[in-house]
Amino acid sequence: MSKQMLCLPGDGIGPEIMAEALKALDAAKLRFGLDIEISHGLVGGAAIDQYGVPLSDETLALARNADAILFGSVGGPKWDDQPMANRPEKGLLQLRAELDLFANLRPAILFPQLAEASSLKPELVAGLDILIVRELTGGIYFGEPRGVRTLGNGEREGYNTYVYRESEIRRIAKVAFEAARKRGGRLCSVDKSNVLEVTGLWREVVIAESAGYNDVELSHMYVDNAAMQLVRAPKQFDVMVTGNMFGDILSDCAAMLTGSIGMLPSASLNEKNQGMYEPVHGSAPDIAGENKANPLAQILSLAMLLRYSLADGSSLADGSSLAEVAAADAIEKAVSDVLDKGYRTWDIASEGCQLVGTAAMGDAVVDCLLNA
Ligand code: NAD
């Protein structure tokens, strides 16, 4: 039976980089005989323009029925005056919540060819391989009550609520421990338990969960220290697990260690391995439509999609060797090959490189994929 993939390019550079990922998918289908049916939908600002809302019921129904969603990025100045409840980003948050995509896996791997592109010294980042596991459907981004109220003296006050239930902490901790077990065996849980009760509970539950993972070395770090350590000595980390807001910030910080936010894919999974796959970056309105965007994070997101959600019977990184997994490996190798050949978009450009635009970078990946 065909696997179902929903393609949601979104706004800004989203459609440009999605076009390159779809080229790579076509090439992978050809080479590996993959049977994948693709449907298309609008999300974010594009959906607001068409339907008045960032996620229509039709698109949500398509998403529910898909094995996996390849997502571009949403947002842009055109929709900045939308009320908060109808902002483009709400489409993304709603998808995450409706599909219960609670586990966000954000690898920060530095391709050796790009060690010079990092903002840190090459010796600090060469060989960097961190996995940030971010809780995605809870915490302060979803907590109620929230809003802006007017106080008795007429002054306005904004407020949000930071909440986590034990069960939410336990399930994300489990994903992180499992990932650590399959990698370097070290897990650092990031919280702010010296100030926030909710993260005091976080630490307690993570420690309780560690009882089932004696082979994983658990440590804890306050978020402010974690931010500092990420730029001071990032290679000390293997897997980091944290809540929604801290993970949002730390994963962007880790992104810069790798040289470009345009290189980083991410996966958001639910308990059935149904997943949404998207670059870590946003819609980059400053370069949209200029054929300047780096499509590699989107292409690497496709590779993660094939590995985690479309490989039959696969669970998180179970080492399955099906066609989809072989295709994922081949796509990742093709990305490494184009970097070896010196192709660079402007965000990762270095002296002597072959500077290319979005479409040419996609073509180079396809070429490496088909002529490996
Ligand atoms: P951004 O990630 O879009 O851009 C930050 C910087 O990185 C910009 O200079 C941009 O040009 C550059 N950049 C991003 N992706 C790139 C790529 N593939 N190739 C080369 N350069 C790239 O973040 P921002 O500017 O803070 O946000 C812009 C819009 O994106 C906002 O509307 C924001 O809400 C939205 N956003 C969406 C998502 C998402 O869809 N998941 C995530 C973050 C931000």
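In listed order, ligands and their atoms are each counted from 1. The first residue of the sequence shown is numbered 1, and numbering continues consecutively from there. No experiment lies behind these values; they were computed from the predicted model shown.
Considering only non-hydrogen atoms, atom 1 (P) of ligand 1 lies nearest to Gly282 out of Gly282, Gly10, Ser73. The heavy atom nearest to atom 21 (N) of ligand 1, out of those in Ile287, Asn294, Leu264, Leu296, is found in Ile287.
Ser309 and Asn273 are not linked by any side-chain donor-acceptor pair at a separation below 3.5 angstrom, with hydrogens and angles left out of the test. Residues Gln113 and Asp340 have side chains that bring a donor and an acceptor to within less than 3.5 angstrom of each other. Between the side chains of Trp79 and Asn86, no donor N or O sits under 3.5 Å from an acceptor N or O.
Using cut-offs of 30° and 60° on the angle between ring planes, the pair Tyr308 and Tyr277 is parallel.
Within the 4.0 angstrom cut-off, atom 24 (P) of ligand 1 has no protein heavy-atom neighbours. Within 4.0 Å of atom 6 (C) of ligand 1, not a single protein heavy atom is present. Note that atom 14 (C) of ligand 1 has protein non-hydrogen atoms nearby, at separations under 4.0 angstrom. Within a 4.0 Å radius of atom 27 (O) of ligand 1, the protein contributes no non-hydrogen atoms.
In Pro285, the part holding a heavy atom less than 4.0 Å from any atom of ligand 1 is the side chain. Here Asp286 has side-chain heavy atoms under 4.0 Å from ligand 1, and that is the only part of it that gets that close. Within the 4.0 Å heavy-atom criterion, the part of Glu89 lying near ligand 1 is the side chain and not the backbone. Contact annotation: for Ile261 versus ligand 1, heavy atoms closer than 4.0 Å belong to the side chain alone. Under 4.0 Å from ligand 1, not a single heavy atom of Gln298 appears.
Near Leu92, with a cut-off below 4.0 Å to any heavy atom, the atoms of ligand 1 are 39 (C), 40 (O), 41 (N). Short contacts between ligand 1 and Gly75, defined as distances under 4.0 Å to a heavy atom of the residue, involve ligand atoms 32 (O). Of all the atoms in ligand 1, the ones that sit under 4.0 Å from a non-hydrogen atom of Glu278 are 41 (N). Every atom of ligand 1 with a heavy atom of Gly76 under 4.0 Å away is listed here by number and element: 32 (O). Residue Ala293 approaches ligand 1 through these ligand atoms, each under 4.0 Å from one of its heavy atoms: 19 (N).
Protein heavy atom in closest approach to atom 35 (C) of ligand 1: Val74 O, 3.1 Å. In terms of protein heavy-atom proximity, atom 4 (O) of ligand 1 is closest to Ala284 CA, 4.2 Å.
With Arg134 contributing its side chain and Asn244 its backbone, the two residues share a donor-acceptor pair below 3.5 Å.
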Acceptor/donor pairs from residues 293-300 side chains to any protein atom, 3.5 angstrom cut, sequence neighbours excluded:
unit_1 : atom_1 : unit_2 : atom_2 : d
Asn294 : OD1    : Leu296 : N      : 2.9
Asn294 : ND2    : Gly262 : O      : 3.4
Asn294 : ND2    : Thr345 : OG1    : 3.4
Asn294 : ND2    : Asp347 : OD2    : 3.1
Gln298 : NE2    : Phe71  : O      : 3.1

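Within a 6.0 Å sphere centred on CD of Glu116, other residues, nucleotides and ligands contribute 12 heavy atoms or fewer.
An N or O contact shorter than 3.5 Å links His281 to ligand 1 by distance. Among the atoms of Ile13, none of the N or O lies under 3.5 angstrom from an N or O of ligand 1. Distances between N or O atoms of Ser283 and those of ligand 1 include at least one value under 3.5 Å.
Remark: Arg149 is positioned above the aromatic ring of Tyr159, its terminal NZ or CZ atom under 6.0 angstrom from the ring centre and at most 45 degrees off the axis.
In summary, of the residues considered (Gln236, Met228, Lys192), a side chain to side chain contact (heavy atoms under 4.5 Å, CB included) with Met221 occurs for Gln236 alone. Between Leu110 and the options Leu120, Val125, Leu257, Leu124, a side chain to side chain contact (heavy atoms under 4.5 Å, CB included) holds for only Val125.
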Start with the C-alpha gap between Tyr222 and Val195, add the side-chain angles, then the distance that decides, and say whether side chain to side chain contact (heavy atoms under 4.5 Å, CB included) holds. CA-CA 10 Å; Tyr222 296 141; Val195 178; over 6 Å; no
Let me see the working for Ser39 and Gln4 under side chain to side chain donor-acceptor pair (under 3.5 Å), right down to the final yes or no. CA-CA 8 Å; Ser39 54; Gln4 304 296 322; 5.7 Å; no
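Scanning all heavy atoms of the two residues, the minimum distance from Pro265 to Val280 falls at O-CG2, 3.7 Å.
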